[in-house]
S.K.: 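Below is one structure. I have some questions about it.
The chains referred to below are lettered A, B, ... by the order of the sequence lines, with proteins before strands, and numbering in each begins at 1.
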There are 2 protein chains.
Amino acid sequence: MAKENKTLYAILGMLSHEELTGYDIKKRIDNSIRFFWDAGFGQIYPNLKILEKEGLVTKRVETGETRPNRIIYAITEKGREELKKWLATPVGEQHVRYEILLKLFFGSLLPAEENIKKIEEFRETNRTYLETMQGFKTCLSEALKESDDHLYYLLTIMLGEKIYKAHMEWADEAVKLLQNEQAVNIKH
Amino acid sequence: MAKENKTLYAILGMLSHEELTGYDIKKRIDNSIRFFWDAGFGQIYPNLKILEKEGLVTKRVETGETRPNRIIYAITEKGREELKKWLATPVGEQHVRYEILLKLFFGSLLPAEENIKKIEEFRETNRTYLETMQGFKTCLSEALKESDDHLYYLLTIMLGEKIYKAHMEWADEAVKLLQNEQAVNIKH
DNA sequence: CAGATCATGTAATTTGTTACATGATTGT
DNA sequence: ACAATCATGTAACAAATTACATGATCTG
(Lines give C-alpha, C1' and ligand atoms only; values in the text may rest on other atoms or scores of the structure.)
Protein backbone atom coordinates (compact mmCIF):
# COMPACT_ATOMS: atom_id res chain seq x y z
CA MET A 1 0.00 0.00 0.00
CA ALA A 2 1.27 3.46 -0.86
CA LYS A 3 2.80 5.34 2.03
CA GLU A 4 1.84 8.91 1.34
CA ASN A 5 -1.15 8.93 -0.96
CA LYS A 6 -3.56 10.52 1.48
CA THR A 7 -6.15 11.25 -1.16
CA LEU A 8 -6.67 7.49 -1.24
CA TYR A 9 -7.87 7.75 2.35
CA ALA A 10 -10.06 10.73 1.57
CA ILE A 11 -11.84 8.57 -1.00
CA LEU A 12 -11.97 5.59 1.33
CA GLY A 13 -13.38 7.84 4.02
CA MET A 14 -16.18 9.03 1.77
CA LEU A 15 -16.99 5.40 0.98
CA SER A 16 -17.08 4.60 4.70
CA HIS A 17 -20.26 6.68 4.87
CA GLU A 18 -22.06 5.26 1.84
CA GLU A 19 -21.66 3.54 -1.52
CA LEU A 20 -20.70 5.98 -4.22
CA THR A 21 -19.61 6.37 -7.83
CA GLY A 22 -16.44 8.25 -8.70
CA TYR A 23 -18.58 11.12 -9.83
CA ASP A 24 -20.45 11.13 -6.52
CA ILE A 25 -17.20 11.12 -4.57
CA LYS A 26 -16.12 14.22 -6.42
CA LYS A 27 -19.36 15.92 -5.47
CA ARG A 28 -19.01 14.91 -1.83
CA ILE A 29 -15.49 16.27 -1.74
CA ASP A 30 -16.55 19.52 -3.38
CA ASN A 31 -19.29 19.97 -0.82
CA SER A 32 -17.27 19.22 2.29
CA ILE A 33 -13.52 18.71 2.48
CA ARG A 34 -12.43 20.63 -0.59
CA PHE A 35 -11.17 23.54 1.50
CA PHE A 36 -8.52 21.39 3.11
CA TRP A 37 -8.36 18.38 0.80
CA ASP A 38 -9.32 18.90 -2.81
CA ALA A 39 -9.19 16.23 -5.50
CA GLY A 40 -9.97 16.14 -9.20
CA PHE A 41 -11.29 13.35 -11.41
CA GLY A 42 -7.73 12.71 -12.53
CA GLN A 43 -7.00 11.55 -9.02
CA ILE A 44 -10.30 9.93 -8.10
CA TYR A 45 -10.74 7.45 -10.92
CA PRO A 46 -7.18 6.06 -10.89
CA ASN A 47 -7.22 5.87 -7.08
CA LEU A 48 -10.47 3.94 -7.11
CA LYS A 49 -8.79 1.33 -9.31
CA ILE A 50 -5.92 1.09 -6.85
CA LEU A 51 -8.32 0.66 -3.94
CA GLU A 52 -10.13 -2.09 -5.80
CA LYS A 53 -6.91 -3.92 -6.66
CA GLU A 54 -5.93 -3.79 -2.99
CA GLY A 55 -9.29 -5.25 -1.99
CA LEU A 56 -10.24 -2.20 0.04
CA VAL A 57 -13.34 -1.53 -2.06
CA THR A 58 -15.56 -3.59 -4.34
CA LYS A 59 -17.24 -2.41 -7.49
CA ARG A 60 -20.63 -3.07 -8.99
CA VAL A 61 -21.87 -1.83 -12.34
CA GLU A 62 -25.33 -0.39 -12.67
CA THR A 63 -26.35 -0.55 -16.29
CA GLY A 64 -28.49 2.42 -17.05
CA GLU A 65 -30.83 2.25 -20.00
CA THR A 66 -31.26 5.96 -20.41
CA ARG A 67 -28.37 7.32 -18.28
CA PRO A 68 -24.72 6.34 -18.63
CA ASN A 69 -23.48 3.25 -16.78
CA ARG A 70 -22.55 3.89 -13.19
CA ILE A 71 -19.78 2.08 -11.34
CA ILE A 72 -20.73 1.97 -7.71
CA TYR A 73 -17.98 1.40 -5.17
CA ALA A 74 -18.45 0.01 -1.66
CA ILE A 75 -15.89 -0.21 1.12
CA THR A 76 -14.89 -3.69 2.33
CA GLU A 77 -14.16 -4.78 5.88
CA LYS A 78 -10.47 -4.73 5.01
CA GLY A 79 -10.88 -1.23 3.65
CA ARG A 80 -12.54 -0.06 6.83
CA GLU A 81 -9.70 -1.52 8.89
CA GLU A 82 -7.07 0.10 6.67
CA LEU A 83 -8.83 3.43 6.99
CA LYS A 84 -9.01 3.20 10.79
CA LYS A 85 -5.36 2.22 10.91
CA TRP A 86 -4.44 5.31 8.92
CA LEU A 87 -6.69 7.59 10.95
CA ALA A 88 -4.89 6.37 14.07
CA THR A 89 -1.39 7.22 12.79
CA PRO A 90 -0.07 10.53 14.04
CA VAL A 91 -0.29 13.57 11.81
CA GLY A 92 3.11 14.42 10.40
CA GLU A 93 4.66 17.85 9.93
CA GLN A 94 2.33 19.63 7.67
CA HIS A 95 3.85 22.09 5.35
CA VAL A 96 1.81 24.74 3.67
CA ARG A 97 2.59 27.06 0.81
CA TYR A 98 1.51 30.67 0.71
CA GLU A 99 2.18 32.18 -2.65
CA ILE A 100 1.17 35.58 -1.32
CA LEU A 101 3.87 35.45 1.35
CA LEU A 102 6.47 34.37 -1.18
CA LYS A 103 5.57 37.35 -3.33
CA LEU A 104 5.43 39.69 -0.36
CA PHE A 105 8.75 38.52 1.00
CA PHE A 106 10.37 40.03 -2.07
CA GLY A 107 7.91 42.90 -2.04
CA SER A 108 10.56 45.63 -1.79
CA LEU A 109 11.17 45.12 -5.52
CA LEU A 110 7.70 46.48 -6.30
CA PRO A 111 6.01 49.78 -5.51
CA ALA A 112 4.15 49.60 -2.19
CA GLU A 113 0.75 50.16 -3.85
CA GLU A 114 1.08 46.90 -5.72
CA ASN A 115 1.71 45.00 -2.53
CA ILE A 116 -1.20 46.71 -0.86
CA LYS A 117 -3.46 45.79 -3.75
CA LYS A 118 -2.35 42.18 -3.47
CA ILE A 119 -3.13 42.06 0.22
CA GLU A 120 -6.53 43.62 -0.31
CA GLU A 121 -7.38 41.03 -2.95
CA PHE A 122 -6.29 38.35 -0.51
CA ARG A 123 -8.54 39.85 2.13
CA GLU A 124 -11.50 39.81 -0.21
CA THR A 125 -10.95 36.18 -1.21
CA ASN A 126 -10.81 35.20 2.42
CA ARG A 127 -13.96 37.12 3.20
CA THR A 128 -15.85 34.99 0.70
CA TYR A 129 -14.30 31.84 2.15
CA LEU A 130 -15.42 32.91 5.60
CA GLU A 131 -18.94 33.42 4.30
CA THR A 132 -18.91 29.93 2.84
CA MET A 133 -17.85 28.53 6.22
CA GLN A 134 -20.65 30.39 7.94
CA GLY A 135 -23.09 29.03 5.37
CA PHE A 136 -21.85 25.51 6.05
CA LYS A 137 -22.27 26.10 9.74
CA THR A 138 -25.88 27.21 9.38
CA CYS A 139 -26.75 24.16 7.29
CA LEU A 140 -25.04 21.97 9.84
CA SER A 141 -26.69 23.27 13.00
CA GLU A 142 -29.90 21.41 12.13
CA ALA A 143 -28.31 18.08 11.35
CA LEU A 144 -26.01 18.31 14.34
CA LYS A 145 -28.26 16.46 16.74
CA GLU A 146 -28.41 13.34 14.60
CA SER A 147 -24.93 11.85 14.45
CA ASP A 148 -21.38 12.16 15.74
CA ASP A 149 -20.12 12.57 12.19
CA HIS A 150 -21.56 16.04 12.15
CA LEU A 151 -19.63 17.04 15.23
CA TYR A 152 -16.37 16.27 13.45
CA TYR A 153 -17.61 18.08 10.40
CA LEU A 154 -18.25 21.09 12.63
CA LEU A 155 -14.70 20.96 13.95
CA THR A 156 -13.30 21.29 10.44
CA ILE A 157 -15.55 24.25 9.73
CA MET A 158 -14.46 25.88 12.97
CA LEU A 159 -10.82 25.78 11.96
CA GLY A 160 -11.74 27.19 8.58
CA GLU A 161 -13.48 30.13 10.24
CA LYS A 162 -10.52 30.82 12.52
CA ILE A 163 -8.04 30.74 9.67
CA TYR A 164 -9.97 32.95 7.30
CA LYS A 165 -10.56 35.43 10.11
CA ALA A 166 -6.85 35.37 10.94
CA HIS A 167 -6.05 36.04 7.28
CA MET A 168 -8.40 39.00 7.23
CA GLU A 169 -7.08 40.50 10.45
CA TRP A 170 -3.56 40.15 9.16
CA ALA A 171 -4.50 41.78 5.87
CA ASP A 172 -5.92 44.79 7.70
CA GLU A 173 -2.83 45.21 9.83
CA ALA A 174 -0.48 44.63 6.91
CA VAL A 175 -2.17 47.25 4.75
CA LYS A 176 -2.01 49.79 7.59
CA LEU A 177 1.67 49.12 8.11
CA LEU A 178 2.48 49.57 4.43
CA GLN A 179 0.39 52.72 4.17
CA ASN A 180 2.20 54.23 7.16
CA GLU A 181 5.53 53.42 5.60
CA GLN A 182 4.41 55.01 2.35
CA ALA A 183 3.37 58.17 4.17
CA VAL A 184 6.76 58.38 5.87
CA ASN A 185 8.59 57.92 2.58
CA ILE A 186 6.58 60.59 0.82
CA LYS A 187 7.34 63.14 3.54
CA HIS A 188 11.09 62.76 3.08
CA MET B 1 9.68 29.56 -19.01
CA ALA B 2 7.74 27.17 -16.81
CA LYS B 3 4.30 28.42 -15.85
CA GLU B 4 3.90 27.16 -12.32
CA ASN B 5 7.32 26.45 -10.91
CA LYS B 6 7.20 29.04 -8.17
CA THR B 7 10.20 27.63 -6.35
CA LEU B 8 12.20 28.96 -9.27
CA TYR B 9 11.15 32.44 -8.20
CA ALA B 10 11.93 31.75 -4.57
CA ILE B 11 15.50 30.97 -5.63
CA LEU B 12 15.64 33.94 -7.95
CA GLY B 13 14.36 36.12 -5.14
CA MET B 14 17.12 34.99 -2.80
CA LEU B 15 19.65 35.78 -5.51
CA SER B 16 18.13 39.25 -5.91
CA HIS B 17 19.56 40.05 -2.47
CA GLU B 18 23.06 38.65 -2.93
CA GLU B 19 25.21 36.16 -4.81
CA LEU B 20 24.84 32.67 -3.40
CA THR B 21 25.73 29.02 -3.88
CA GLY B 22 23.02 26.37 -3.99
CA TYR B 23 24.00 25.38 -0.51
CA ASP B 24 23.69 28.97 0.71
CA ILE B 25 20.26 29.31 -0.88
CA LYS B 26 19.09 26.30 1.06
CA LYS B 27 20.31 27.91 4.27
CA ARG B 28 18.61 31.21 3.47
CA ILE B 29 15.35 29.41 2.79
CA ASP B 30 15.63 27.40 5.99
CA ASN B 31 16.17 30.58 7.97
CA SER B 32 13.37 32.63 6.46
CA ILE B 33 10.69 31.43 4.09
CA ARG B 34 10.65 27.74 4.96
CA PHE B 35 7.40 28.10 6.92
CA PHE B 36 5.50 29.07 3.81
CA TRP B 37 7.84 27.97 1.01
CA ASP B 38 10.18 25.12 1.73
CA ALA B 39 12.59 23.60 -0.80
CA GLY B 40 15.13 20.79 -0.70
CA PHE B 41 18.43 20.32 -2.52
CA GLY B 42 16.60 18.11 -4.98
CA GLN B 43 14.74 21.20 -6.14
CA ILE B 44 17.41 23.83 -5.73
CA TYR B 45 20.24 22.39 -7.81
CA PRO B 46 18.14 21.41 -10.84
CA ASN B 47 16.30 24.74 -10.73
CA LEU B 48 19.58 26.66 -10.69
CA LYS B 49 20.53 24.91 -13.91
CA ILE B 50 17.23 25.90 -15.46
CA LEU B 51 17.70 29.51 -14.38
CA GLU B 52 21.17 29.56 -15.90
CA LYS B 53 19.99 28.08 -19.20
CA GLU B 54 17.31 30.78 -19.36
CA GLY B 55 19.91 33.47 -18.78
CA LEU B 56 18.28 34.61 -15.55
CA VAL B 57 21.39 33.88 -13.50
CA THR B 58 25.10 33.51 -14.24
CA LYS B 59 27.46 31.14 -12.55
CA ARG B 60 31.06 31.46 -11.44
CA VAL B 61 33.17 28.70 -9.94
CA GLU B 62 35.32 29.40 -6.93
CA THR B 63 38.04 26.77 -6.76
CA GLY B 64 38.76 26.07 -3.16
CA GLU B 65 42.11 24.62 -2.24
CA THR B 66 41.07 23.29 1.13
CA ARG B 67 37.26 23.44 0.89
CA PRO B 68 35.13 21.94 -1.88
CA ASN B 69 34.57 23.97 -5.04
CA ARG B 70 31.72 26.44 -4.78
CA ILE B 71 29.47 27.44 -7.64
CA ILE B 72 28.35 30.97 -7.03
CA TYR B 73 25.24 32.22 -8.78
CA ALA B 74 24.36 35.82 -9.49
CA ILE B 75 21.11 37.23 -10.84
CA THR B 76 21.21 38.96 -14.24
CA GLU B 77 19.27 42.03 -15.30
CA LYS B 78 16.96 39.76 -17.28
CA GLY B 79 16.51 37.64 -14.15
CA ARG B 80 15.59 40.67 -12.10
CA GLU B 81 13.02 41.72 -14.69
CA GLU B 82 11.54 38.24 -14.83
CA LEU B 83 11.28 38.19 -11.05
CA LYS B 84 9.55 41.57 -10.93
CA LYS B 85 7.18 40.45 -13.66
CA TRP B 86 6.22 37.40 -11.64
CA LEU B 87 5.89 39.35 -8.40
CA ALA B 88 3.44 41.65 -10.17
CA THR B 89 1.15 38.82 -11.37
CA PRO B 90 -1.89 38.29 -9.17
CA VAL B 91 -1.85 35.52 -6.60
CA GLY B 92 -4.05 32.65 -7.73
CA GLU B 93 -6.40 30.54 -5.64
CA GLN B 94 -4.23 29.02 -3.04
CA HIS B 95 -5.24 25.66 -1.84
CA VAL B 96 -3.89 24.22 1.35
CA ARG B 97 -3.96 20.72 2.72
CA TYR B 98 -4.60 19.94 6.34
CA GLU B 99 -3.97 16.30 7.10
CA ILE B 100 -5.31 16.79 10.61
CA LEU B 101 -8.66 17.97 9.26
CA LEU B 102 -8.83 15.07 6.84
CA LYS B 103 -8.28 12.68 9.72
CA LEU B 104 -10.69 14.51 11.97
CA PHE B 105 -13.41 14.66 9.34
CA PHE B 106 -13.63 10.88 9.60
CA GLY B 107 -12.99 11.03 13.34
CA SER B 108 -16.22 9.27 14.30
CA LEU B 109 -14.55 6.00 13.32
CA LEU B 110 -12.10 6.37 16.22
CA PRO B 111 -12.64 6.70 19.97
CA ALA B 112 -12.90 10.36 20.98
CA GLU B 113 -9.75 10.19 23.14
CA GLU B 114 -7.66 9.49 20.06
CA ASN B 115 -9.00 12.55 18.30
CA ILE B 116 -8.42 14.65 21.39
CA LYS B 117 -4.84 13.43 21.59
CA LYS B 118 -4.31 14.33 17.96
CA ILE B 119 -5.62 17.84 18.48
CA GLU B 120 -3.43 18.32 21.54
CA GLU B 121 -0.36 17.25 19.60
CA PHE B 122 -1.32 19.72 16.91
CA ARG B 123 -1.66 22.43 19.52
CA GLU B 124 1.80 21.69 20.88
CA THR B 125 3.41 21.74 17.44
CA ASN B 126 1.84 25.08 16.75
CA ARG B 127 2.97 26.45 20.07
CA THR B 128 6.58 25.78 19.08
CA TYR B 129 5.99 27.37 15.67
CA LEU B 130 4.58 30.43 17.39
CA GLU B 131 7.66 30.61 19.58
CA THR B 132 9.85 30.47 16.48
CA MET B 133 7.89 33.34 14.95
CA GLN B 134 8.33 35.39 18.10
CA GLY B 135 12.04 34.65 18.05
CA PHE B 136 12.23 35.81 14.44
CA LYS B 137 10.38 38.96 15.40
CA THR B 138 12.82 39.79 18.18
CA CYS B 139 15.82 39.32 15.91
CA LEU B 140 14.14 41.50 13.31
CA SER B 141 13.19 44.47 15.48
CA GLU B 142 16.80 45.68 15.50
CA ALA B 143 17.40 45.39 11.78
CA LEU B 144 14.04 46.91 10.97
CA LYS B 145 15.21 50.50 10.70
CA GLU B 146 17.74 49.72 7.97
CA SER B 147 15.87 48.58 4.89
CA ASP B 148 12.43 48.07 3.39
CA ASP B 149 13.19 44.40 2.90
CA HIS B 150 12.81 43.89 6.60
CA LEU B 151 9.35 45.38 6.64
CA TYR B 152 8.18 42.76 4.17
CA TYR B 153 9.93 40.10 6.17
CA LEU B 154 7.98 41.31 9.20
CA LEU B 155 4.69 40.99 7.33
CA THR B 156 5.34 37.33 6.66
CA ILE B 157 6.13 36.72 10.32
CA MET B 158 2.97 38.53 11.34
CA LEU B 159 0.82 36.18 9.30
CA GLY B 160 2.67 33.23 10.79
CA GLU B 161 1.88 34.46 14.29
CA LYS B 162 -1.79 34.95 13.48
CA ILE B 163 -2.14 31.52 11.96
CA TYR B 164 -0.40 29.59 14.70
CA LYS B 165 -2.44 31.46 17.28
CA ALA B 166 -5.62 30.64 15.36
CA HIS B 167 -4.59 26.98 15.29
CA MET B 168 -4.05 26.98 19.03
CA GLU B 169 -7.33 28.70 19.82
CA TRP B 170 -9.13 26.24 17.62
CA ALA B 171 -7.41 23.31 19.30
CA ASP B 172 -8.55 24.52 22.71
CA GLU B 173 -12.15 24.90 21.59
CA ALA B 174 -12.13 21.62 19.71
CA VAL B 175 -10.85 19.67 22.70
CA LYS B 176 -13.48 21.20 24.94
CA LEU B 177 -16.22 20.32 22.48
CA LEU B 178 -15.10 16.72 22.22
CA GLN B 179 -14.73 16.36 25.98
CA ASN B 180 -18.25 17.66 26.51
CA GLU B 181 -19.59 15.23 23.98
CA GLN B 182 -17.73 12.43 25.71
CA ALA B 183 -19.23 13.39 29.09
CA VAL B 184 -22.72 13.37 27.57
CA ASN B 185 -22.19 9.97 26.01
CA ILE B 186 -20.92 8.45 29.24
CA LYS B 187 -23.98 9.64 31.17
CA HIS B 188 -26.38 7.82 28.86
C1' DC C 1 37.66 9.93 16.48
C1' DA C 2 32.90 10.77 15.66
C1' DG C 3 29.45 13.70 14.14
C1' DA C 4 28.14 17.97 12.06
C1' DT C 5 28.79 21.07 8.35
C1' DC C 6 30.29 22.28 3.76
C1' DA C 7 29.36 21.24 -1.03
C1' DT C 8 27.48 19.20 -5.33
C1' DG C 9 24.65 16.61 -7.77
C1' DT C 10 21.50 12.50 -10.08
C1' DA C 11 17.76 9.21 -10.39
C1' DA C 12 13.61 7.15 -9.14
C1' DT C 13 9.28 7.59 -7.57
C1' DT C 14 5.10 9.69 -6.28
C1' DT C 15 1.63 13.00 -6.59
C1' DG C 16 -1.03 16.26 -8.61
C1' DT C 17 -2.74 19.10 -12.53
C1' DT C 18 -4.39 19.80 -17.04
C1' DA C 19 -5.89 18.61 -21.30
C1' DC C 20 -8.08 15.43 -24.15
C1' DA C 21 -11.87 12.21 -25.43
C1' DT C 22 -16.85 10.79 -25.57
C1' DG C 23 -21.69 11.15 -25.36
C1' DA C 24 -26.42 11.12 -23.40
C1' DT C 25 -29.84 13.71 -20.75
C1' DT C 26 -32.00 17.44 -18.37
C1' DG C 27 -33.24 22.09 -17.55
C1' DT C 28 -33.94 26.98 -19.31
C1' DA D 1 -30.93 25.46 -29.17
C1' DC D 2 -27.57 25.88 -25.62
C1' DA D 3 -25.62 25.14 -21.29
C1' DA D 4 -25.19 22.37 -17.44
C1' DT D 5 -25.09 17.98 -15.37
C1' DC D 6 -24.27 13.07 -15.44
C1' DA D 7 -20.62 9.71 -16.15
C1' DT D 8 -16.16 7.55 -17.25
C1' DG D 9 -11.71 7.51 -18.19
C1' DT D 10 -6.46 8.25 -20.28
C1' DA D 11 -2.23 10.65 -21.29
C1' DA D 12 1.04 14.08 -20.77
C1' DC D 13 3.28 16.92 -18.00
C1' DA D 14 4.98 19.31 -13.89
C1' DA D 15 6.46 19.40 -9.27
C1' DA D 16 8.21 17.60 -5.10
C1' DT D 17 10.17 14.10 -2.15
C1' DT D 18 13.42 10.70 -1.14
C1' DA D 19 17.21 8.03 -1.66
C1' DC D 20 21.58 7.50 -3.44
C1' DA D 21 26.43 8.97 -4.26
C1' DT D 22 30.85 11.30 -2.80
C1' DG D 23 34.23 13.35 0.02
C1' DA D 24 36.66 16.97 2.60
C1' DT D 25 36.93 19.81 6.78
C1' DC D 26 35.77 21.55 11.13
C1' DT D 27 34.25 21.06 16.06
C1' DG D 28 33.89 18.91 20.54
S.K.: Mind calculating the distance between CD (B/Gln94) and C1' (D/dA15) to the nearest angstrom?
M.R.: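 From B/Gln94 CD to D/dA15 C1': 17 Å.
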
S.K.: Are B/Lys27 and C/dT5 close enough that a side-chain N or O sits under 4.0 Å from OP1 or OP2?
M.R.: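 For C/dT5, OP1/OP2 do not have a side-chain N/O of B/Lys27 under 4.0 Å.
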
S.K.: Measuring from atom CD1 of A/Ile11 to atom CD1 of A/Ile29, what distance do you get when rounded to the nearest 0.5 angstrom?
M.R.: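 The CD1 atom of A/Ile11 sits 6.0 Å away from the CD1 atom of A/Ile29.
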
S.K.: Of the options D/dC6, C/dT15, C/dG9, whose atoms approach the side-chain atoms of A/Asn5 most closely?
M.R.: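 Selected nucleotide: C/dT15.
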
S.K.: Without decimals, in angstroms, what is the distance between B/Glu99 CD and C/dG16 P?
M.R.: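 That distance rounds to 11 Å.
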
S.K.: Checking contacts here: which listed nucleotide (C/dT17, D/dC6, D/dG9) is nearest the side-chain heavy atoms of B/His95?
M.R.: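 The closest nucleotide is C/dT17.
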
S.K.: Whole-Å distance between C/dG9 C1' and B/Ile50 CD1?
M.R.: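 Answer to the nearest Å: 14 Å.
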
S.K.: Report yes if at least one side-chain N or O of A/Thr7 is closer than 4.0 Å to OP1 or OP2 of C/dG16; otherwise report no.
M.R.: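 True: A/Thr7 side-chain N/O within range (under 4.0 Å) of C/dG16 OP1/OP2.
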
S.K.: Can the ring centres of B/Phe106 and A/Tyr9 be said to be less than 6.0 Å apart?
M.R.: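 Centroid separation for B/Phe106 and A/Tyr9: 6.0 Å or greater.
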
S.K.: Are the aromatic ring centres of B/Phe122 and B/Trp170 under 6.0 angstrom apart?
M.R.: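 Ring centroids of B/Phe122 and B/Trp170 are less than 6.0 Å from each other.
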
S.K.: Would you call the rings of B/Tyr129 and B/Tyr164 parallel, tilted or perpendicular, where under 30° means parallel and over 60° means perpendicular?
M.R.: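 The rings of B/Tyr129 and B/Tyr164 sit tilted, inter-plane angle from 30° to 60°.
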
S.K.: Report the distance from atom CG of A/Asp30 to atom C1' of D/dA7, rounded to the nearest whole Å.
M.R.: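 The answer, rounded to whole Å, is 15 Å.
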
S.K.: Report the distance from atom NZ of B/Lys6 to atom P of D/dA16, rounded to the nearest whole Å.
M.R.: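 Atom NZ in B/Lys6 sits about 9 Å away from atom P in D/dA16.
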
S.K.: For the atom pair CD (A/Glu82) and CG (A/Leu87), what is the distance rounded to the nearest 0.5 Å?
M.R.: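 If we round to the nearest 0.5 Å, A/Glu82:CD and A/Leu87:CG are 10.5 Å apart.
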
S.K.: Rounded to the nearest 0.5 Å, how far apart are CG of A/Leu178 and CG of B/Leu151?
M.R.: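 These two atoms lie 5.5 Å from each other.
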
S.K.: Find the distance B/Leu8:CG to D/dA14:C1' and express it as a whole number of Å.
M.R.: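 Value for this atom pair: 12 Å.
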
S.K.: Of all the choices, D/dT10, D/dA16, C/dG9, which nucleotide is nearest to the side chain of A/Arg97 once you look at every atom?
M.R.: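 That would be D/dA16.
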
S.K.: Classify the angle between the aromatic ring planes of B/Phe35 and B/Phe136 as parallel (below 30°), tilted (30 to 60°) or perpendicular (above 60°).
M.R.: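 Ring orientation, 0 to 90° scale: perpendicular.
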
S.K.: Does this structure show an ion pair linking A/Asp24 with A/Arg28, if we count only N-O contacts that are shorter than 4.0 Å?
M.R.: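 Looking at A/Arg28 together with A/Asp24, the answer is no, because their closest N to O distance does not fall below 4.0 Å.
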
S.K.: Looking at C/dT10, D/dT8, C/dG16, which one has an atom nearest to any side-chain atom of A/Arg70?
M.R.: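 So the side chain of A/Arg70 is nearest to D/dT8.
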
S.K.: Within residues 31-45 of chain B, which residues have any heavy atom lying less than 4.0 Å from an atom of DNA chain D?
M.R.: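 Heavy-atom contacts with DNA chain D come from B/Gly42, B/Gln43.
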
S.K.: Can you tell me the distance, in whole Å, between the CD1 atom of B/Ile11 and the C1' atom of D/dA15?
M.R.: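 Rounding to the nearest Å, CD1 of B/Ile11 and C1' of D/dA15 are 12 Å apart.
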
S.K.: In whole Å, what is the span from the CD atom of A/Glu93 to the P atom of D/dT17?
M.R.: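 After rounding, the reported distance stands at 12 Å.
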
S.K.: Do the numbers put B/Lys6 on top of the ring of B/Trp37, so that NZ or CZ is under 6.0 Å from the six-membered ring centre and no more than 45° off the axis?
M.R.: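 No, B/Lys6 does not sit over the ring of B/Trp37.
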
S.K.: Using a strict heavy-atom distance below 4.0 Å, which residues from residues 18-26 of chain A are in contact with DNA chain D?
M.R.: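 Hits under 4.0 Å, by residue number: A/Thr21, A/Gly22, A/Tyr23.
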
